[in-house]
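To start, the structure itself, in structure tokens.
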Amino acid sequence: MSERFRIAIDGPSGAGKSTVAKLVASRLGIEYIDTGAMYRAIGLKMLRLGLEMEENDELQKMLDETDVDFEKERIYLDGEDVSDLIRTQEISKAASDCSAFRIVREKLVELQRAMGDRKSIIMDGRDIGTVVLKDSKQKFYLTATAEERAMRRYLELREKGTSEGYEQVLEDVIKRDYNDSHRDVSPLRQAEDAVLIDSTNMTIDEVVNFIIDSVTSQ
Ligand code: DC
């Protein structure tokens with residue numbers, strides 16, 4: 001493929017970013033990079049090591065010694081496949097907390113930019129269009145109402161056998177939206193040149209087709 005893709009998808013949690021990004025990646029034959037998983041991996045390591053949830057020298061030392069990488073859409077933390085371990089509510093909270101730390105973001109943004117320099121990619125997250133792939137022309141902001149996003153997550157968790165109630169999931173979604181969009185460093189926001197997609201009443205296929213049509217007609 002001679003065409004080079006550097007596609008950014010940002011938006012709040014539960015908007016369908018990763019589902020959509022994976023499908024776009026497979027249709028275009030490019031790599032999908034789940035940047036949220038990278039923050040989750042750091043959150044997991046902080047919990048495992050019993051580190052305080054604060055920005056300090058100990059955290060910097062841990063970051064200096066930490067390796068996060070992808071291989072066939074699986075995420076590796078220091079060589080260990082942690083893809084399944086990072087999908088709990090506890091890790092969601094740790095990821096949201098540690099993503100507010102400047103030193104964590106510096107480390108992960110550097111890794112993400114290096115991944116984007118090497119090959120055609122689609123990346124999803126919160127700061128891809130505003131920071132990581134700022135100069136890309138292929139930016140999308142995918143959102144849906146908090147109720148719709150909570151319902152999708154609730155059904156997903158129920159499928160996995162977790163017993164969280166809808167109200168609890170909705171509360172977590174609202175809290176996380178607040179955290180992600182009110183932190184000082186790279187808060188979640190739509191890049192000025194990103195195309196807004198409200199998926200509340202759209203099917204996954206409709207969103208995927210819309211993105212592919214946009215990037216291939218540029
Ligand atoms: O997309 P996710 O739910 O897996 O993301 C986990 C947390 O990481 C979420 O609270 C927001 C944060 N995050 C971020 O700050 N920047 C990114 N590029 C991706 C995720």
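Indexing begins at 1, ligand by ligand and atom by atom, following the structure's order. Remember, predicted model here, so these are calculated numbers, not experimental data.
For the pair S13 and ligand 1, the shortest N or O to N or O distance does not fall below 3.5 Å. Considering backbone and side-chain N/O atoms, R176 comes within less than 3.5 Å of an N/O atom of ligand 1. The shortest N or O to N or O distance between S92 and ligand 1 is not below 3.5 Å. Where the criterion is an N or O separation shorter than 3.5 Å, residue side chain and backbone included, D180 meets it with respect to ligand 1.
With contacts defined as side-chain heavy-atom distances shorter than 4.5 Å, the pair Y32/M123 does not qualify. Between R87 and K160, the closest side-chain pair of non-hydrogen atoms falls below 4.5 Å. Using a 4.5 Å heavy-atom threshold, the side chains of R149 and T145 count as separate.
Residue G125 has at least one heavy-atom neighbour below 4.0 Å for each of these atoms of ligand 1: 17 (C), 18 (N), 19 (C). Residue S99 has at least one heavy-atom neighbour below 4.0 Å for each of these atoms of ligand 1: 12 (C), 15 (O).
Residue S96 touches ligand 1 through backbone and side chain together, judged by heavy-atom distances below 4.0 Å. Proximity of M38 to ligand 1, defined as any heavy-atom pair under 4.0 Å, is not found for any part of the residue. At a heavy-atom distance under 4.0 Å, no atom of Q112 approaches ligand 1.
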Inset, instruction - Determine, step by step, whether E164 and Y154 satisfy the side chain to side chain contact (heavy atoms under 4.5 Å, CB included) criterion, reporting the C-alpha distance in whole Å, the side-chain angles of both residues, the deciding distance to 0.1 Å, and the verdict. - result: CA-CA 7 Å; E164 230 115 9; Y154 165 70; 5.7 Å; no
Legend entry - Evaluation steps, side chain to side chain contact (heavy atoms under 4.5 Å, CB included), between S181 and R189: CA-CA 7 Å; S181 53; R189 68 175 175 83; over 6 Å; no
Inset, instruction - Test R6 against S120 for side chain to side chain donor-acceptor pair (under 3.5 Å), laying out the working first. - result: CA-CA 6 Å; R6 288 168 81 235; S120 271; over 6 Å; no
Inset, instruction - Mind running side chain to side chain contact (heavy atoms under 4.5 Å, CB included) on F5 and I121 for me, showing each step along the way? - result: CA-CA 6 Å; F5 294 107; I121 42 124; over 6 Å; no
Inset, instruction - Under the side chain to side chain donor-acceptor pair (under 3.5 Å) rule, what do N56 and Q60 come out as? Steps first, then yes or no, please. - result: CA-CA 6 Å; N56 54 25; Q60 182 64 63; over 6 Å; no
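Surrounding CG of D67 are more than 12 heavy atoms belonging to other residues, nucleotides or ligands, all under 6.0 Å away. More than 12 non-hydrogen atoms from other residues, nucleotides or ligands lie less than 6.0 angstrom from CG of D117.
The nearest protein atom to atom 19 (C) of ligand 1, hydrogens excluded, is given as T35 OG1, 3.4 Å; this is a heavy-atom distance. Among protein heavy atoms, the minimum distance from atom 8 (O) of ligand 1 is reached at Y39 CB, 3.5 Å. Ranking the protein heavy atoms by distance from atom 7 (C) of ligand 1 puts A95 CB, 3.8 Å first. Nearest protein heavy-atom contact of atom 4 (O) of ligand 1 is R40 NE, 2.7 Å.
By heavy-atom distance, the residue among G36, A37, C98 lying nearest atom 5 (O) of ligand 1 is G36. Heavy-atom proximity to atom 17 (C) of ligand 1, evaluated over R183, R153, R126, K17, is greatest for R126. Which of R105, K93, R87, K175 comes nearest to atom 15 (O) of ligand 1 through a heavy atom is settled by distance: it is R105.
Using a 4.0 angstrom heavy-atom cutoff, M123 does not count as in contact with ligand 1.
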Pairs of donor and acceptor atoms involving the side chains of residues 108-115, under 3.5 Å and at least two apart or interchain, shall be tabulated with distances.
residue	atom	partner	partner atom	Å
R113	NE	V132	O	3.2
R113	NH2	V131	O	2.8

